A.B. asks: 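This is the structure I have questions about; it appears just below.
Treat the numbers as computed from the prediction; the structure is a model and nothing was measured. Quick note on labels: first sequence line is chain A, next is B, and so on, each numbered from 1.
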2 protein chains.
Amino acid sequence: MRLIWDDLRTVLMLVRHQTLAGAADALEVNYTTVARRVRRAESTLGQILFERLADGYQPTEIAKVVASHAEKMETSEFDLRRYLQGADSALTGTFTITAPQLLISSFLAPVLDDFDQAYPNIELRVLATNDILDLTRLEADLAIRISRNPGDTLKGLRLLKQETASFASPRLADHIRSHPTDMIDWIVYDTFPNVPKGTSPMFPNNRVRFRFDDMVAMLGAAQAGLGVLRVPLFLGRTTSGLEIVPVLPPQPYSDIWVVGHPDVWPSKKAQAFREVLIAHSKRSRSIFTSQAD
Amino acid sequence: MRLIWDDLRTVLMLVRHQTLAGAADALEVNYTTVARRVRRAESTLGQILFERLADGYQPTEIAKVVASHAEKMETSEFDLRRYLQGADSALTGTFTITAPQLLISSFLAPVLDDFDQAYPNIELRVLATNDILDLTRLEADLAIRISRNPGDTLKGLRLLKQETASFASPRLADHIRSHPTDMIDWIVYDTFPNVPKGTSPMFPNNRVRFRFDDMVAMLGAAQAGLGVLRVPLFLGRTTSGLEIVPVLPPQPYSDIWVVGHPDVWPSKKAQAFREVLIAHSKRSRSIFTSQAD
DNA sequence: TAAGTTATATGCGAAAATGCTTGTATGCGA
DNA sequence: TCGCATACAAGCATTTTCGCATATAACTTA
């Protein structure tokens with residue numbers, strides 16, 4: 001019995017995605033190819049691996065066992081690729097980072113510019129997402145994250161401390177300052193559905209007016225004067241049409257970290273990127289806290 | 001970077017064998033294919049994996065790392081294949097056993113016959129070798145071994161206790177019995193280069209005359225009357241032209257075991273083979289010891 | 001020094017794998 | 001109930017991979 005390793009990988013992907021098209025996307029092949037590889041695997045194993053149903057391929061118990069072993073193989077592949085990435089001393093090729101969308105324009109854009117100037121032969125790929133990408137699976141080489149915790153197995157470096165404050169449109173800000181005891185409307189994030197704690201006693205009347213699940217939309221609502229917003233200082237300060245209001249005094253917030261997998265961390269490209277990143281962080285420290293205000 | 005798993009396996013084989021032809025044999029492909037796959041792997045990794053020398057492909061350090069990861073993948077493959085083998089409840093297909101050559105003709109042949117009669121749809125493959133095959137790598141499904149110890153991770157079942165005794169050609173045996181104090185010539189195995197311990201006091205004069213590294217040759221030499229031989233009872237008894245001589249009284253010897261990997265052990269085919277094996281062992285017990293003499 | 005052995009390299013035709021296209025079934029929603 | 005989207009299946013053409021035959025280089029040995 002001579003198993004084809006790439007057929008095992010194909011079975012793994014089909015078990016994960018349950019449809020030929022899904023597995024084919026993951027493998028970057030035509031879905032017909034997935035179907036044929038699976039048929040071939042079934043015939044060499046002498047076992048039926050999937051039930052062909054109208055809504056996809058349903059894995060049998062045996063297929064799940066096959067997939068679990070293929071998953072171990074995949075882990076070894078990722079281990080290898082991370083090793084190679086870490087050992088790579090070239091300042092050429094591609095380099096992938098990920099960061100929350102809102103950090104890009106206000107903070108990261110100059111870093112990308114500096115890096116591209118300094119290392120024109122490195123093709124920088126930026127994944128702007130709030131999803132926590134899996135650095136173990138090399139979804140990115142480095143991640144910039146807003147979190148006190150760099151993650152379990154990841155190496156991390158704290159770039160910046162930061163604080164939050166309350167922001168509002170200039171009109172609303174004026175009104176609040178001149179009528180501090182009026183009811184103040186808040187725009188809050190879905191996951192923190194109440195008025196932030198720690199509001200100043202000078203502004204005793206607060207209520208939630210809107211809840212959003214998207215920060216960009218919240219900023220838009222605040223720009224339109226719909227309410228007061230609690231955001232990191234850098235974000236409020238770099239968003240036009242917003243100014244700080246003293247309703248909520250500056251409070252410490254999760255720090256900004258650059259994190260990476262220990263295997264990949266020592267690579268020349270990662271080193272280079274961190275240098276540029278740290279230099280820029282030092283320069284822009286004042287945007288993130290009220291200290292230097 | 002999209003690595004082809006079977007290319008990694010090819011690199012592993014080439015690191016192991018160091019020549020295209022050797023790796024190609026192991027993979028059962030043409031050696032040209034090995035060369036091409038390795039080139040492809042090198043180009044996708046962007047790394048040179050082997051130095052092409054006159055006497056073969058010399059792996060670089062990176063190739064060794066690649067191979068070590070591919071080896072983990074291979075381990076997972078064997079784990080899977082053993083699992084599938086163990087879960088296989090069919091009494092069809094091939095089944096592989098291994099045993100020392102000398103056990104085959106005298107002891108195992110009837111078992112093979114019985115098994116083939118009882119399970120004509122199973123194609124039995126017999127690897128007659130003194131090498132200890134690696135059951136973890138599925139080089140065989142079951143092994144019949146002469147050893148007190150069934151092995152570290154293997155499951156085992158003791159089939160037979162056995163004893164050794166001294167044998168000689170009829171002519172020599174006659175002479176020894178009639179002239180017990182004459183010098184007795186021994187034919188011994190290279191790894192036990194002295195006269196066996198425990199010779200009877202009735203035959204005080206013993207010396208080594210020949211050392212061999214091959215048991216078949218030793219039996220031939222004994223048949224030709226060149227000396228006395230210590231062999232397991234079953235072997236002396238079933239070899240024509242030899243008879244037992246009382247120089248060395250029967251002594252316990254390593255037992256005969258059937259061993260298998262725990263994963264494969266419960267498979268229907270392995271169960272079936274063990275049943276036939278055990279039945280035959282019980283019937284032929286008397287050949288192996290002096291008890292029933 | 002010439003023949004033989006053991007390596008790798010390369011060109012060509014056969015075989016295999018792959019992608020594309022068309023056809024069919026099923027479920028969802030206007 | 002009629003698209004519409006999503007799934008798989010199957011046939012055909014293309015591309016890729018593979019094996020064979022041949023050539024070349026290094027080393028051994030008579």
Side-chain angles (χ1 to χ4, degrees), chain A residues 1-64 66-67 70 73-74 77, chain B residues 1-64 66-67 70 73-74 77:
Chain A
M1 193 204 306
R2 176 154 298 280
L3 293 180
I4 297 173
W5 283 9
D6 286 290
D7 287 356
L8 297 180
R9 168 152 70 172
T10 303
V11 170
L12 169 61
M13 288 306 171
L14 189 49
V15 169
R16 281 200 183 134
H17 292 93
Q18 318 258 327
T19 71
L20 294 180
D25 277 359
L27 292 166
E28 293 176 14
V29 295
N30 191 280
Y31 76 99
T32 326
T33 302
V34 175
R36 280 187 286 236
R37 286 189 190 163
V38 167
R39 253 197 297 280
R40 183 171 55 194
E42 285 180 329
S43 93
T44 59
L45 293 176
Q47 297 281 357
I48 291 178
L49 295 175
F50 296 89
E51 280 186 79
R52 278 73 166 166
L53 300 181
D55 61 337
Y57 272 51
Q58 191 64 29
T60 62
E61 285 308 308
I62 290 175
K64 290 178 191 168
V66 172
M73 297 173 77
E74 189 195 41
E77 187 208 335
Chain B
M1 190 203 306
R2 175 154 299 280
L3 293 179
I4 296 173
W5 284 9
D6 286 291
D7 288 356
L8 297 180
R9 167 152 71 175
T10 305
V11 170
L12 169 62
M13 289 305 172
L14 189 49
V15 168
R16 282 202 182 130
H17 293 92
Q18 319 258 328
T19 71
L20 293 180
D25 277 359
L27 292 165
E28 293 177 13
V29 295
N30 192 281
Y31 74 101
T32 324
T33 302
V34 175
R36 282 187 283 234
R37 287 187 188 164
V38 167
R39 251 197 299 279
R40 183 172 56 194
E42 286 180 330
S43 92
T44 60
L45 293 175
Q47 298 279 358
I48 291 178
L49 295 175
F50 296 89
E51 281 185 78
R52 277 74 167 166
L53 302 179
D55 61 339
Y57 272 51
Q58 191 64 30
T60 62
E61 285 307 310
I62 291 176
K64 290 178 190 168
V66 172
M73 297 173 76
E74 189 195 39
E77 186 206 337

A.B. asks: Sub-3.5 Å donor-acceptor pair from the side chain of B:Q18 to the main-chain atoms of B:V15, do we have one?
C.D. replies: yes
A.B. asks: Hey, can you pull the residues of residues 6-30 of chain A with a non-hydrogen atom under 4.0 angstrom from DNA chain D?
C.D. replies: A:T19, A:L20, A:A21
A.B. asks: So, A:T33 side chain and A:A24 main chain: donor-acceptor pair closer than 3.5 Å or not?
C.D. replies: no
A.B. asks: So, B:T19 side chain and B:Y57 main chain: donor-acceptor pair closer than 3.5 Å or not?
C.D. replies: no
A.B. asks: May I ask you to list the residues of residues 34-57 of chain A, by number, that have any heavy atom positioned under 4.0 Å from an atom of DNA chain C?
C.D. replies: A:R36, A:R37, A:R40, A:A54
A.B. asks: So, A:E74 and A:R16, do they make that salt bridge, N to O below 4.0 Å?
C.D. replies: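 The answer is yes: the pair qualifies as a salt bridge.
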A.B. asks: Using side-chain heavy atoms (C-beta onward) and a distance below 4.5 Å, is A:M1 in contact with A:L3?
C.D. replies: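 SC-SC contact between A:M1 and A:L3 confirmed.
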A.B. asks: Can you establish whether the number of heavy atoms outside A:L53 located under 6.0 Å from its atom CG is more than 12?
C.D. replies: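 Yes - once you tally the heavy atoms of other residues, nucleotides and ligands closer than 6.0 Å, there are more than 12.
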A.B. asks: Okay, side chain of B:T10, backbone of B:R37: is any donor-acceptor separation there less than 3.5 Å?
C.D. replies: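 Here the side-chain-to-backbone pair does not exist.
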A.B. asks: What does C:dG19 pair with, Watson-Crick or G-U, if both distances are under 3.5 Å?
C.D. replies: D:dC12
A.B. asks: Pick base, sugar-phosphate or nothing for B:T32, based on heavy-atom distances below 4.0 Å to the nucleic acid.
C.D. replies: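 Since a base atom lies under 4.0 Å of B:T32, the category is base.
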A.B. asks: Does any N or O in the side chain of A:E42 come within less than 3.5 Å of the main-chain N or O of A:F50, such that one atom is a donor and the other an acceptor?
C.D. replies: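 Present.
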A.B. asks: Is it the case that C:dA7 (base atoms only) and B:Y31 (side chain only) share a donor and an acceptor within less than 3.5 Å, ignoring hydrogens and angles?
C.D. replies: no
